[in-house]
Amino acid sequence: MPRHWLMKSEPGECSIDDLAAAPQCTVPWVGVRNYQSRNAMRDLMALGDDVLFYHSSCAEPGIAGLACVASPAYPDPTQFDPASHYFDAKATPLAPRWLLVDVRLVRKTRLLGLHSMRQTVALADMAVLRRGNRLSITPVSALQWQVLGGLLA
DNA sequence: GCCAACGTTGGC
DNA sequence: GCCAACGTTGGC
């Protein structure tokens, strides 16, 4: 049974349109540098899991499309690249610290704004809406997924 | 730019 | 292992 996730991306880094324009409509989810989110990818995600693609840190934050997990977790190559913003001097290929999964577009949706999400009672318990939430990857319950499916249809 | 929230770091 | 300082996130 697939799980459901919400993954935040800054549109300036990778927007839903960037995802749609990528080869195979698939991107490696580079740049996660938070242990909880890394562990979620490593331990909890599985190929085929559903993903809500969320635009954060932008003028209109909200869900912009549906995607899916398209690979198992593997080392994030940017941690080894001194030229990368995501370089981590303490990581080595033999002892990688950061992992990622590939994410593939399922379909772009209308933008379901953060404000609309907050106004939807059935979504009130979503992890991403919790005060002070800063995780870039959060779980979505089956019920929440169903409600969102209706709102995004 | 502000600031609340909270994860991470490092001294002890 | 505690905890204060610091850095980052992200909405506003």
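Below, chains carry the letters A, B, ... as their sequence lines are ordered, and counting in each starts from 1. None of the values given here were measured: they were computed from a predicted structure.
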S.K.: I'd like to know if the side chain of A:Asp76 reaches the main chain of A:Gly31, judged simply by a donor and an acceptor atom lying under 3.5 Å from each other, with no hydrogens or angles considered.
M.R.: yes
S.K.: Are A:Tyr54 and A:Trp5 an aromatic pair, judged by ring center distance below 6.0 Å?
M.R.: no
S.K.: A:Lys8 NZ to C:dT8 P: how many Å, rounded?
M.R.: 16 Å
S.K.: List the atom of A:Gln79, the atom of A:Ala91, and the distance in Å for their closest heavy-atom pair.
M.R.: OE1-CB, 3.2 Å
S.K.: Residues of residues 33-40 of chain A with any non-hydrogen atom less than 4.0 angstrom from an atom of DNA chain C: list those, numerically ordered, please.
M.R.: none
S.K.: I want to check something: taking the side chain as every heavy atom from C-beta on, are A:Val101 and A:Leu47 in contact at a cut-off of under 4.5 Å?
M.R.: no
S.K.: Using the benzene-type ring in the case of Trp, are the ring centres of A:Tyr86 and A:Trp29 under 6.0 Å apart?
M.R.: no
S.K.: Go through residues 51-60 of chain A and report each residue with a non-hydrogen atom lying under 4.0 Å from DNA chain C, sorted by number.
M.R.: A:Tyr54, A:Ser56, A:Ser57
S.K.: Between A:Leu129 (CG) and C:dC12 (P), how many Å, whole number?
M.R.: 11 Å
S.K.: Run the salt-bridge test on A:Arg97 and A:Asp88 with the 4.0 Å N-O cut-off and return the result as yes or no.
M.R.: yes
S.K.: Within the 4.5 Å heavy-atom criterion, are A:Cys58 and A:Glu10 side-chain neighbours or not?
M.R.: no
S.K.: Mind calculating the distance between CH2 (A:Trp98) and P (B:dG7) to the nearest angstrom?
M.R.: 13 Å
